[in-house]
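Everything below concerns the one structure shown next.
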Amino acid sequence: MSQFQSVKGTRDIFPEESVQWNHVESVVRTHAALYGFREIRIPVFEYTELFRRGIGSTTDIVGKEMFSFQPDPKGRSVTLRPEMTAGVMRAALQKNLFSSGMVHKLFYIGELFRKERPQAGRQRQFSQFGAELLGVSSPAAVAEVISLMMQVFSSLGLKGLRLRINTLGDGEERSRFREALQAWFVPFYDTLDEASKERLEKNPLRILDSKNPTIQELVAGAPRLYDYLKETSLQDFEKVLFYLGERDIAYDIDHRLVRGLDYYCHTAFEVTSSELGAQDAIGGGGRYDALARELGSSMDVPATGFAVGMERLLITMERQGLLAALPSDAPLVYVVVQQPDLVDNGMQLAWQLRQADISAEIDLAGKSMKAQMREANRVNASYALFLGATEYSTGCYSLKNLATSEQITLTLDAILQFLQERRAQKSLYS
RNA sequence: GUGAUUGUAGCUCAGUUGGUUAGAGCGCCAGGUUGUGGCCCUGGAGGCCGGGGGUUCGAGUCCCCUCAUUCACCCCA
């Protein structure tokens, strides 16, 4: 259309929307602090090898969705982060955070990049917030992570979200199950669709959560991972469910839930929203005890984490009408100047208001008084402060409440004091 | 990567079987007595009808290509 076109799958967030993002982010920060998670910020790109090893080379993300490039002809390939977990783990290992067996609780908010075809709730650049609990892995740790995530949702006012949860067992249990599953599907090979055939080779577990109805019918009769779990794994899962129950967190056990990333084990979970289209997963996570080893660590770093898609979260909030009532960023005062020869004084006045912590705007384009008033109305200012010849000579200013049309005339000091009180009240209610 | 969808003013959209200066609502700007907005009234600015090629006396309307959008598959947050 125009010569100005953002890259496919990317978008701009203008001020009206930024208010919404800031709101969500501040709720995230507040609750993370409540649980003792502290923020980590890591690079937007990493060596490609990190993701290949961390996420798994059989996954679509690594196979075909990474933005990779070579910054220097002889250098190593690097990749725009398609997810956060591998990077967070790398950072922790690099800093040797676990030398004394410590536990680290970290959260993040940041942009990710995946070269997928854009559609509703899916972009090539998107944002997630999430948390990683590193250094210990236990049902208690899983419960902490899930309840942080769910508490953010409920604090934002979200309703009707569905938490699905499952256990994937440990590596050994999973590989026995995997073989059994493969063997079971072989006789039905010809009835499988293309995608499932490929999965049968690479990652048979993922056939379980196929969207294809005929595949789903087939899956109903397939072996269940549960039957391959040892007592300790089952008890581990039961304990997670126990904690969730204690905290009044509703969940559905879903045996077909298989997370797409290779590093998960034991508990895996996903939160979906019926408000979204086909891309209905708003957040997900699980335990990934083996990730550190996969990345080459010589010691075990058991861990649990979750990630939530900001865009999908905001879409859901929008559909539930949760974005309308957010506090506005409108100025408290709009300074209205009567005559051109008073604009310098007006500028000074606006500056004085701001010095007193009162948000103030003033016309910068030499507009008529009527236009200035319209502008004051348009930016939704609470008050108009008039500066004309009378005010200039008397030192008393007229302040108009734009909602009630009431107008008072006071000295500048009195007005500053009045507005500071109003500002305090305003922030109390917003 | 596959399949479909849409592309006309800042925004949401109309544009009849192809036919003279392409429209509406909202928004924007300016007026409606001299120092005061929101409502109302009047006027105004703003579109090579996504881009390129073709058919035709003539195309926003038909055909092809291209770019972009949206939705679904795949996969995932």
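Letters A, B, ... mirror the listed sequences (proteins, then strands); counts begin at 1. Only this structure's heavy atoms are used, side chains among them; waters, hydrogens and symmetry mates stay out.
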Quiz prompt | Which residue lies more 5' along RNA chain B, comparing A:Glu391 with A:Glu270 via nearest heavy atoms | solution = A:Glu391

Quiz item: Could one point to a donor on the side chain of A:Lys370 or the base of B:rG32 with an acceptor on the other under 3.5 Å away?
Solution: yes

Quiz prompt | Results of salt bridge (Lys or Arg N to Asp or Glu O under 4.0 Å) for A:Asp357 - residues two or more places apart only | solution = none

Practice problem: Quick one: list whatever passes ring-ring contact (aromatic ring centres under 6.0 Å, His included) with A:Tyr392, sequence neighbours left out. | Solution: none

Practice problem: Give every residue pair that meets the salt bridge (Lys or Arg N to Asp or Glu O under 4.0 Å) criterion with at least one member in residues 19-37 of chain A, sequence neighbours excluded. | Solution: A:Arg29-A:Glu39

Quiz prompt | Heavy-atom pair with the smallest gap, counting every atom of A:Asn380 and A:Ala330 | solution = O-CB, 3.2 Å

Quiz prompt | Between B:rC74 and B:rC63 - C1' atom distance, rounded Å | solution = 33 Å

Quiz prompt | Distance between P atoms of B:rU42 and B:rG27 (Å, rounded) | solution = 14 Å

Quiz item: So what does A:Ile282 hit on the nucleic acid, given a heavy-atom distance under 4.0 Å: a base, only sugar-phosphate, or nothing?
Solution: sugar-phosphate

Quiz item: Can you name the residues that form a ring-ring contact (aromatic ring centres under 6.0 Å, His included) with A:Phe177, not counting sequence neighbours?
Solution: A:Tyr228

Self-check item: Short side-chain to backbone donor-acceptor contact, A:Ser393 and A:Ala389, under 3.5 Å
Solution: yes

Quiz item: Mind checking the P distance from B:rG38 to B:rU33? Whole angstroms is fine.
Solution: 13 Å

Quiz item: Ignoring hydrogens and angles, does a donor from either the side chain of A:Gln407 or the base of B:rU36 sit under 3.5 Å from an acceptor on the other?
Solution: yes

Practice problem: Report yes if a donor N or O on one partner sits less than 3.5 Å from an acceptor N or O on the other, where the partners are the side chain of A:Asn377 and the base of B:rG38; otherwise report no. | Solution: no

Practice problem: Could you identify which residues of residues 17-44 of chain A place a heavy atom less than 4.0 Å from some atom of RNA chain B, listed by residue number, or say none? | Solution: none

Self-check item: Distance in angstrom units between A:Lys400 NZ and B:rG37 C1', rounded
Solution: 6 Å

Quiz item: Are any of the side-chain nitrogens in A:Arg312 or A:Glu275 under 4.0 Å away from the carboxylate oxygens of its partner?
Solution: no

Quiz item: Can you give one letter per nucleotide of nucleotides 41-46 of chain B, 5' to 3': B if a protein heavy atom sits under 4.0 Å from the base, S if only from the sugar-phosphate, - if neither?
Solution: ------

Practice problem: On RNA chain B, check which nucleotide each of A:Glu311 and A:Leu387 is closest to and give me the residue with the more 5' one. | Solution: A:Leu387

Exercise. Write down the distance between NZ (A:Lys115) and P (B:rG1), rounded to a whole number of angstrom.
Key: 9 Å

Practice problem: Could you state the atom-to-atom distance from CD of A:Gln372 to P of B:rA30 in whole Å? | Solution: 11 Å

Exercise. To the nearest Å, give me how far apart CZ (A:Arg11) and C1' (B:rA68) are.
Key: 17 Å

Quiz prompt | Span that lies between the P atom of B:rA4 and that of B:rU61, in whole angstrom | solution = 22 Å

Quiz item: Is it true that A:Glu294 and A:Arg53 have a side-chain N and a carboxylate O under 4.0 angstrom from each other?
Solution: no

Quiz item: Counting any heavy atom closer than 4.0 Å, what does A:Ser398 reach on the DNA or RNA strands: base, sugar-phosphate only, or nothing?
Solution: nothing

List the atom pairs, donor and acceptor, that lie under 3.5 Å between side-chain atoms in residues 404-416 of chain A and the rest of the protein, sequence neighbours left out.
residue	atom	partner	partner atom	Å
A:Thr404	OG1	A:Glu406	N	3.2
A:Thr404	OG1	A:Glu406	OE1	3.0
A:Thr409	OG1	A:Ser398	OG	3.3
A:Thr411	OG1	A:Ala414	N	3.3

Practice problem: Pick the C1' atom in B:rU20 and in B:rC28, then give their distance to the nearest Å. | Solution: 31 Å

Self-check item: Check: A:His104 side chain, A:Leu97 main-chain N or O, donor-acceptor pair, under 3.5 Å
Solution: yes

Exercise. Using whole Å, report how far CD of A:Glu275 lies from C1' of B:rA77.
Key: 17 Å

Quiz item: With side chains defined as the heavy atoms from C-beta onward, is the minimum distance between A:Val24 and A:Met317 less than 4.5 Å?
Solution: yes

Practice problem: Whenever both distances are under 3.5 Å in a Watson-Crick or G-U wobble pair, mark it; put RNA chain B into dot-bracket that way, with [ ] for crossing pairs and | when the partner is on another strand. | Solution: ((((.((..((((.....[...)))).(((((.......))))).....(((((..]....))))))).))))....

Exercise. Could you measure between the two P atoms, the one in B:rU16 and the one in B:rC62, and give it in whole Å?
Key: 9 Å

Quiz prompt | Contacts of type ring-ring contact (aromatic ring centres under 6.0 Å, His included), residue A:Trp351, not counting sequence neighbours | solution = none

Quiz item: In whole Å, what separates the C1' atom of B:rA9 from that of B:rC65?
Solution: 27 Å

Enumerate the protein-to-nucleotides 69-74 of chain B contacts in which both atoms are nitrogen or oxygen and the separation is below 3.5 Å.
residue	atom	partner	partner atom	Å
B:rC71	OP2	A:Ala120	N	2.8
B:rA72	OP1	A:Ala278	N	3.0
B:rA72	OP2	A:Gln119	NE2	2.9
B:rC73	OP1	A:Lys211	NZ	3.3
B:rC73	N4	A:Arg122	NH2	3.2
B:rC74	O3'	A:Arg199	NH2	3.4
B:rC74	N3	A:Arg122	NH1	3.1
B:rC74	N4	A:Gln119	OE1	3.2
B:rC74	N4	A:Arg122	NH1	2.5
B:rC74	N4	A:Arg122	NH2	3.2
B:rC74	N4	A:Gln279	NE2	3.2

Without placing hydrogens or testing angles, list every side-chain donor-acceptor pair under 3.5 Å for residues 148-155 of chain A, not counting sequence neighbours.
residue	atom	partner	partner atom	Å
A:Gln151	OE1	A:Tyr35	OH	2.5
A:Ser154	OG	A:Met150	O	3.4
A:Ser154	OG	A:Gln151	O	3.3

Exercise. Could I get the full list of ring-ring contact (aromatic ring centres under 6.0 Å, His included) partners for A:Phe37, not counting sequence neighbours?
Key: none

Quiz item: Contact class for A:Ala389 vs. all strands (heavy atom < 4.0 Å): base, sugar-phosphate, or nothing?
Solution: nothing

Exercise. Could you state the atom-to-atom distance from CZ of A:Phe67 to C1' of B:rG1 in whole Å?
Key: 14 Å

Quiz item: With a non-hydrogen cut-off below 4.0 angstrom, is A:Ala281 in contact with a base, only sugar-phosphate, or nothing?
Solution: sugar-phosphate

Practice problem: Rounded off to whole Å, could you give me the CG-to-C1' distance for the A:Leu112 and B:rA77 pair? | Solution: 8 Å

Quiz item: P atom, B:rU21 versus B:rC13: distance in rounded Å?
Solution: 28 Å

Self-check item: Side-chain heavy atoms of A:Phe269 within contact of A:Tyr251, under 4.5 Å
Solution: no

Quiz item: Closest heavy-atom contact between A:Lys400 and A:Phe386?
Solution: CB-CE1, 3.7 Å

Exercise. Can you tell me the distance, in whole Å, between the CD atom of A:Glu375 and the C1' atom of B:rA30?
Key: 15 Å

